[in-house]
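Take a look at the structure below.
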Amino acid sequence: MTNSFIVAQHSSEGRLILAVCDSDIHGKKFEEKGVVLDLSSKFYHGEEKEAIAIEKLMLHAYTIHAVGKNAVAIATKLGLAAKEDIKVVAGVPHVQILML
C-alpha cells in the first residue's frame, strides 16, 4: 500500500467534502468508454497526507471522492463503501460516498 495520498478538502454549507487519491496517480487523466477521471483538475489539488490522517478525515466528511486502489481500500476498510459501490475506469478504482 502506498504511504501517501493527495487530499483536497472543500466545504459546502459547512460540510467537509474530500477528494482523496493515491499519490502515484495524482495529476493523471484516465478515460474509458466516455467516462473520464481527471485527477489533474483543481478539485483534486491538495496536500500530501498519510493513511492515518486520511482515515480521520474520511470519518468526519460529508462527501468523499476516493480514487486509486489504496484510497478506495481505506474507504472500504472503514465501512464507508461496499465492493458493489466501486467503479473502475481504465483500471483505476474510484468510489463516491455521501454520508446521510
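- Judged by distance alone, with hydrogens and angles left aside, the side-chain atoms of Asp38 form no donor-acceptor pair with the main-chain N or O of Lys29 at under 3.5 Å.
- Using a 4.5 Å heavy-atom cutoff, the side chains of Leu98 and Tyr62 are in contact.
- Across all their heavy atoms, Pro93 and Gly91 have their closest contact at CD-O, 3.5 Å.
- The closest donor-acceptor contact from the side chain of Ser4 to the backbone of Ser23 lies at 3.5 Å or more, if one exists at all.
- For the residue pair Ile25 and Gly68, the shortest heavy atom distance occurs at CD1-CA, 3.7 Å.
- In this structure, Val67 and Tyr44 have side chains that are in contact, with non-hydrogen atoms separated by less than 4.5 Å.
- With values rounded to the nearest 0.5 angstrom, Glu48 atom CD is found 7.0 Å from Glu50 atom CD.
- Atom-to-atom distance recorded for Lys83:NZ and Ile86:CD1 is 8.0 Å, nearest 0.5 angstrom.
- The two residues Ile97 and Ala81 have their closest heavy-atom pair at CD1-CB, 3.9 Å.
- Residues Met99 and Leu80 meet the side-chain proximity criterion, which asks for heavy atoms closer than 4.5 Å.
- With rounding to the nearest 0.5 Å, the separation of NE2 in His65 from CD in Gln96 is 5.0 Å.
- Formation of a donor-acceptor pair under 3.5 Å by the Asn70 side chain with backbone atoms of Asp22 is not found in this model.
- Taking the ring centroids of His10 and Phe43, they lie under the 6.0 Å cut-off.
- Taking CD1 of Ile54 as the start and NZ of Lys49 as the end, the distance is 7.5 Å to the nearest 0.5 Å.
- No side-chain heavy atom of Arg15 sits less than 4.5 Å from a side-chain heavy atom of Thr63.
- Atom CE of Met58 is separated from atom NZ of Lys77 by 10.5 Å, given to the nearest 0.5 angstrom.
- Following chains of ILVMFWY side-chain contacts shorter than 4.5 Å, one cannot reach Val36 starting from Val95, and the two form parts of different hydrophobic clusters.
- To the nearest 0.5 Å, atom OG1 of residue Thr76 and atom NZ of residue Lys69 are 13.5 Å apart.
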